[in-house]
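See below for the structure under consideration.
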Protein chains: 2
Amino acid sequence: MPALQDIDAKRQRAPSQRALATRKRVFDAAERVFADRGFDGATIRDIAAEAGEPVGTIHHHGGGKEVLFHRTVARRAEPLSQARRAALETLKRDGTVTAETLLAAFFRPIFDLSRDDPRWRDYARLVSFVSADERWRSISAACFDPTAELFLTELLALRPTAHRAEVAEAFVFSVSAMLALLTSQGRIAALGGEMRAADAQIDHLIRFCAAGLAPA
Amino acid sequence: MPALQDIDAKRQRAPSQRALATRKRVFDAAERVFADRGFDGATIRDIAAEAGEPVGTIHHHGGGKEVLFHRTVARRAEPLSQARRAALETLKRDGTVTAETLLAAFFRPIFDLSRDDPRWRDYARLVSFVSADERWRSISAACFDPTAELFLTELLALRPTAHRAEVAEAFVFSVSAMLALLTSQGRIAALGGEMRAADAQIDHLIRFCAAGLAPA
DNA sequence: CCTTATTTCGAACAGGTGTTCAAGTTAAGA
DNA sequence: TCTTAACTTGAACACCTGTTCGAAATAAGG
């Protein structure tokens, strides 16, 4: 995989407002198309059409399909991780760290962001593609593992007798359940009949995983 | 999506042993390649090379890429569902139905089959591609939802006060955790350091989900 | 204001893509 | 044994893929 380096690595002039706006259009379009069709199902021309830009522009700002994919995932990873870390800091400051509050701190930010901005919903679907495929392991390692590590450490402190590997398993189960809630509304609807309110679903997700994380 | 009809719909002669062996080679190869690269990442020529057959043969037995994909998923769905249903029947006969034993009956068959035959590991990864993408909703609806329905009914009987939608959510969380255990060993290893034995992981998965399913 | 780095643009390229097809081979069923 | 349905084979087809590239337009920095 091509290395991901700073998009403005050897630049000699600041980018114009116009260029910045174009770049934003390119990444927003890439996010939508990659979220809809995955890496292999998406084409540069799909993304170009979605962005309303010519194909050359996608390559210019994206740096090639694989780098564009990586950058599209990375773009929202930092804001998301910061929101998660901020929620964690609040817990630690207030001394209210439990399995339930830890999971809430980790899960809630992406649901909160999705409520306000539909682009975060696309991003969530994109992340689920990244998480599902070992091929993108290095992307999740770079974008999400450092913050996951922080939460894992806290969970481990709550269960001093458990092995790290066991807590890591429980954490992966929890994250997969979170992604399922974000992306498998169709399956839930098919099995469950009527749909529940998003808030009820999120509360349920947190209770479900917290119960699983509790000592046996 | 092209309709999936019986592979031997309007046949006038029984297929030869040779043809049957070729067909098996085609589907085994398709299973491996689709599991590795997903639907869009796989190519007919990849599958042909993996099977050691010319491209025309893949199309002859597979019926086109999309139908081949559907048939490849469907091929092992019935044996898997039967194993799950048999385990469920045993529980009901013995009167040992609990959240924990129900989940064990649903989860264990694919892990047991994977232990004996690596092709079931490929199949599990293929199923996780199908489950992750709304595009294949109709495939999981046809192949997996009927049996899921059976287990959902039993889970609902265990929690008479819960709404069906809530139990459906918990079931989807559980299935996603099962698929994560089958496909995300890389992520578990990255977070957890050393790896635990498969049996310990499966027991943990069942305890994790059973705890989440228990009444609040 | 100039200079020129950067961006915009889309035609062109080499190499795939799924699918078709016609000719030759095999073997089921009478 | 004979007929012919079924299978095997790979070349050919039309279209699509990511990427390149050079010329024109834009605007940052002096």
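Letters go in sequence order (proteins before strands), and every chain restarts at 1. Note that the coordinates shown come from a computational prediction; the quantities given were computed from them, not determined experimentally.
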May I have the distance from [X] (atom [atom1]) to [N] (atom [atom2]), rounded to whole angstrom?
X       : N      : atom1 : atom2 : value
A:Ile47 : D:dT17 : CD1   : C1'   : 13 Å
A:Arg23 : C:dT8  : CZ    : C1'   : 14 Å
A:Lys24 : C:dT7  : NZ    : P     : 17 Å
B:Asp8  : C:dA28 : CG    : C1'   : 14 Å
B:Lys65 : C:dT20 : NZ    : P     : 15 Å

N/O donor-acceptor pair under 3.5 Å between [X] side chain and [Y] backbone:
X        : Y        : value
B:Ser176 : A:Ser176 : yes
A:Tyr123 : A:Glu31  : no
A:Ser128 : A:Arg125 : yes
A:Arg187 : B:Ser131 : no

Does the side chain of [X] get closer than 4.0 angstrom to OP1 or OP2 of [N] through an N or O atom?
X       : N     : result
B:His61 : D:dT8 : yes
A:Thr22 : C:dT8 : yes
A:His60 : C:dT6 : no
A:Arg11 : C:dT7 : yes

All N/O pairs under 3.5 Å across the protein-nucleotides 22-28 of chain D interface:
residue: D:dA28; atom: N3; partner: A:Arg13; partner atom: NH1; Å: 3.2

- Message: If you take any heavy atom closer than 4.0 Å to DNA chain C, which residues from residues 31-46 of chain B end up in contact?
- Response: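 Within residues 31-46 of chain B, the residues near DNA chain C are B:Ala42, B:Thr43, B:Ile44, B:Arg45.
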
- So, B:Phe129 versus B:Trp136, ring centres under 6.0 angstrom or not? no

- Does the separation of the ring centres of B:Phe173 and A:His204 fall below 6.0 angstrom? yes

- Item | Given DNA chain D, 5'-ward residue of the pair B:Lys10 and B:Gly56, judged by closest heavy atom | B:Lys10

- Task: Could I get the full list of side-chain contact (heavy atoms from CB on, under 4.5 Å) partners for A:Thr153, not counting sequence neighbours?
- Result: none

- Between B:Phe27 and B:Arg75, is there a cation-pi geometry (under 6.0 Å to ring centre, at most 45° from the normal)?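 Geometry flag: not set, cation outside 6.0 Å or 45°.
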
- Quick one: does A:Ile47's side chain get under 4.5 Å of A:Glu53's, heavy atoms only?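 Of all side-chain heavy-atom pairs linking A:Glu53 with A:Ile47, none is under 4.5 Å.
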
